[in-house]
Amino acid sequence: MMTAGAIAWLIIAIAILLVLGAMAWLLFQITQPLKNVLRDVDIIARETDDIMANTNTLLEDVNSKVAVLDPAVQAVADLGTSLSDLNVATKDLTGHIKQRGASKTASAFSVANSLRKHRKQK
């Protein structure tokens, strides 16, 4: 027959086994979703690497095309500056011609008035 102390130790041992079993079951339940999360993170990391590789390739392509276009853009900018300078020069020339034409017209008008006055006096 078992003594009271032995029964107490048996109850404590069973209780410890139940607690350890519950803790093992809890850890198992926690690790399953963590495995899924780790798998998903790994998939996301691989896809991110692929996206970064594609992005780098695309940026290299864009940079090479921009390098090709730079001289053309610079030529257009230079042409715009030249046209602007030509426009200013044309306006200046037109202004000078108008001033000369106006002064010639004024001179001709003055000569005509002088002749008219001279005829009236005769």
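The first residue in the sequence is number 1, and the count goes up from there.
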| query | With distance as the sole test, does S84 use its side chain to make a donor-acceptor pair with the main-chain N or O of G80 at under 3.5 Å? | reply | no

Going from [atom1] on [X] to [atom2] on [Y], what distance comes out if it is rounded to the nearest 0.5 angstrom?
X	Y	atom1	atom2	value
I51	L58	CD1	CG	12.5 Å
N87	D92	CG	CG	9.5 Å
Q74	D70	CD	CG	8.5 Å
S64	L59	OG	CG	10.5 Å
L26	M23	CG	CE	8.0 Å
L83	D78	CG	CG	11.0 Å

| task | Answer whether the closest heavy-atom distance between the side chains of K65 and V62 falls below 4.5 Å. | result | no

| query | Does some side-chain heavy atom of S82 sit less than 4.5 Å from a side-chain heavy atom of D85? | reply | no

State yes or no: do [X] and [Y] share one hydrophobic cluster built from I, L, V, M, F, W and Y residues joined by side-chain heavy-atom distances below 4.5 Å, directly or via other members?
X	Y	answer
F28	L20	no
I7	I14	yes
L18	I11	yes

| query | Looking at D42, V37, N36, which hits side-chain contact (heavy atoms from CB on, under 4.5 Å) with R39? | reply | N36

| request: Sequence neighbours left out, what pairs pass side-chain hydrogen bond (donor to acceptor under 3.5 Å, both in side chains) with at least one residue falling in residues 7-35? | output: none

